[in-house]
A.B. asks: 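First the structure, which I've put down as structure tokens, then a few questions once you've had a look.
Residue numbering restarts at 1 for every chain, and letters A, B, ... go by the order of the sequence lines.
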Number of protein chains: 2
Amino acid sequence: MVGTPAYRRIYEDLSARIHAGELAPNAQLPGEALLAEQFGVARMTVRQAIGQLADDALVVRRQGVGTFVAGDAAGRRSLNRLTSFTEDMSGAARKVETELLLRAICDPKPDVAAALGLTAGARVVRIRRLRRVAGVPVLLNDSHLPYGLFPSLDREDLIEGSLYRTLETRYDTRLRRADQRIRAVAASRELARLLDIAPRSPLLRSERITLSDRNTAIEFARSWARPDFELSVHLQR
Amino acid sequence: MVGTPAYRRIYEDLSARIHAGELAPNAQLPGEALLAEQFGVARMTVRQAIGQLADDALVVRRQGVGTFVAGDAAGRRSLNRLTSFTEDMSGAARKVETELLLRAICDPKPDVAAALGLTAGARVVRIRRLRRVAGVPVLLNDSHLPYGLFPSLDREDLIEGSLYRTLETRYDTRLRRADQRIRAVAASRELARLLDIAPRSPLLRSERITLSDRNTAIEFARSWARPDFELSVHLQR
DNA sequence: GAGTGGTCTAGACCACATG
DNA sequence: ATGTGGTCTAGACCACTCA
């Protein structure tokens, strides 16, 4: 044990082999007993790793038959995982760019303060970014973070444009989970201009509250995605 | 054991207690050791149940502290669970109605046939329904199912308007998982009329492929939701 | 019948938060 | 120091699929 649990290492290992193509779509994984032997752990530990791969829809389990790489697992990222936009887009050959539109300390609007559970008078760092993929603007992201938790975020550059990587690296803040609400809205003139589409075009709007390890709200983010941007969800049972 | 696994019964039990308000938001659950004793199972079995509640975002676990009912668990359903619209809306006091617009056997378009993995010439049962909540039309659903699997579905009425319940009850088909893709689109004239909104209003469009136990595609469904309809997702790690 | 995943046990030790 | 959840073991038996 080196800090990261065994099941996590196994998950990463298998996940990497799937994304690398070593385990091709529809290929059968080694049996759980064999994997347990190979990794030198108990079968329950292997099952914990494979269970997460199944949650991601990267593999499909069939009782009495085996576990198989999902048919569409090729370029796809894990579903229902809390990942940064940067991570989401990596693996694809497309180039991701981030344009920083705003970085400032603000007094939050009441809805933002409520979402973050801030006390009266607490301020937020607001970071507004436009994400481009292969030169096309696809997503406008407007994040609000408690200034008290990240007191120098307004003066630092983000690591490779990634807010989440910056939080983990510089503030030792491990992201744990997020609740996200999604709806369709019409593009305002400003959004239309930024995303290079016609005003009143349909957009996918998300509102996300991100929580840390310690279960404290770290970020409230609104984002708007171009109509050709798709969001995938995996549902079970 | 009576067919349903112990962890499932524990999951249902706790889930019901949360929805009934017996376990109020932010209340602490009994410790895992105590629950194991109460249910007469090993602690690992209790953990399996609680793990699913955490996936649902119905409870939050905090190491060293305890497990707590989510603050917003009140009227909310489990997130990321494959549930029917009918189930989603139950629990709320609002009345759900279903208007059957179309039920017919059709030759599927190529994209539908591909999504269902049908052989050439195979036909589908198409079921188009408008769902109303408290009298307001909120969702148009257009489902396609392999006619070969459900040969009498075009002649039978749905049980309480619920397709999923009908499949489970009359065809002994247990739904297992679904992959869903979501995007924003502009309302056509027909959709606008059905959903009682202005043409070109932004809509949330979902495309869902539902798979059974045996991992065969059971349904390809497109649905369009009014702009005030929100979709919630829970992301982890 | 052989092999697979699904469920379950009765322990153990660790990491963490709190009093 | 105590109690919590997090990880892990080394088995066991069951349910299922397929040859």
A.B. asks: Could you check B:Arg176 against B:Val65 and say which one's nearest nucleotide on DNA chain C is further toward the 5' end?
C.D. replies: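 The residue whose closest nucleotide sits nearer the 5' end is B:Arg176.
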
A.B. asks: To the nearest Å, how far apart are A:Arg47 CZ and C:dG6 C1'?
C.D. replies: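 The distance from CZ of A:Arg47 to C1' of C:dG6 comes to 5 Å, rounded to the nearest Å.
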
A.B. asks: Rounded off to whole Å, could you give me the CG-to-C1' distance for the B:Leu29 and D:dG5 pair?
C.D. replies: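 Nearest whole value for this atom pair: 12 Å.
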
A.B. asks: Quick check: does any side chain N or O of A:Ser78 sit under 3.5 Å from a backbone N or O of A:Arg81, one acting as donor and the other as acceptor?
C.D. replies: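 No, because the side chain of A:Ser78 does not come within donor-acceptor range (under 3.5 Å) of the backbone of A:Arg81.
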
A.B. asks: Please classify the nucleic acid contact of A:Arg43 as base, sugar-phosphate, or nothing, using heavy-atom distances under 4.0 Å.
C.D. replies: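 Since a base atom lies under 4.0 Å of A:Arg43, the category is base.
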
A.B. asks: Starting at atom CG of B:Asp213, determine the distance to atom P of D:dA15, rounded to an integer number of angstrom.
C.D. replies: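 About 15 Å, once rounded to whole Å.
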
A.B. asks: Using whole Å, report how far CZ of B:Phe39 lies from C1' of C:dT9.
C.D. replies: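 So the two atoms are 17 Å apart, to the nearest Å.
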
A.B. asks: Distance check needed: D:dC8 P versus A:Tyr7 OH, whole Å only.
C.D. replies: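 Spelled out: OH on A:Tyr7 to P on D:dC8 is 7 Å.
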
A.B. asks: Could you tell me how the ring of B:Phe150 sits relative to the ring of B:Tyr171: parallel (under 30°), tilted (30 to 60°) or perpendicular (over 60°)?
C.D. replies: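 Taking B:Tyr171 first and then B:Phe150, their aromatic rings stand perpendicular (interplane angle over 60°).
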
A.B. asks: More 5' along DNA chain D: A:Met44 or A:Arg62, using each one's nearest nucleotide?
C.D. replies: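 Per heavy-atom nearest nucleotide, the more 5' residue is A:Met44.
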
A.B. asks: Rounded to the nearest angstrom, tell me the gap between atom CD in B:Gln63 and atom P in C:dT18.
C.D. replies: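 Interatomic distance, CD of B:Gln63 to P of C:dT18: 12 Å.
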
A.B. asks: Do A:Thr98 and A:Arg131 meet the criterion of a side-chain donor-acceptor pair at a distance under 3.5 Å?
C.D. replies: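 The criterion, which ignores hydrogens and geometry beyond distance, is satisfied for A:Arg131 and A:Thr98.
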
A.B. asks: For atom CD of B:Glu37, decide whether the heavy atoms of other residues, nucleotides or ligands shown that lie under 6.0 angstrom number more than 12.
C.D. replies: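 At most 12 heavy atoms, drawn from other residues, nucleotides or ligands, come within 6.0 Å of this atom.
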
A.B. asks: Start at the 5' end of DNA chain D and walk down; is the nucleotide closest to A:Gln48 or to B:Gln28 reached first?
C.D. replies: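 Result of the comparison: B:Gln28.
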
A.B. asks: Could you give the CZ-to-C1' distance, from A:Arg214 to C:dA15, as a whole number of Å?
C.D. replies: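 Rounded to the whole Å, the gap is 13 Å.
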
A.B. asks: Would you say a side-chain N or O of A:Thr45 is under 4.0 Å from OP1 or OP2 of D:dC8?
C.D. replies: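 A:Thr45 to D:dC8 OP1/OP2: no side-chain N or O under 4.0 Å.
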
A.B. asks: Let me know the distance between CZ of B:Arg174 and C1' of D:dC16, rounded to the nearest Å.
C.D. replies: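 Distance, rounded to whole Å: 11 Å.
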
A.B. asks: Could you say whether A:Gly64 or A:Arg61 is positioned toward the 5' end of DNA chain C, judged by the nucleotide with the nearest heavy atom to each?
C.D. replies: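 Comparing both residues, the 5'-ward one is A:Gly64.
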
A.B. asks: Less than 4.0 Å between a side-chain N and a carboxylate O, is that true for A:Asp13 and A:Arg9?
C.D. replies: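 Not counted as a salt bridge, because no side-chain N and carboxylate O are separated by less than 4.0 Å.
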
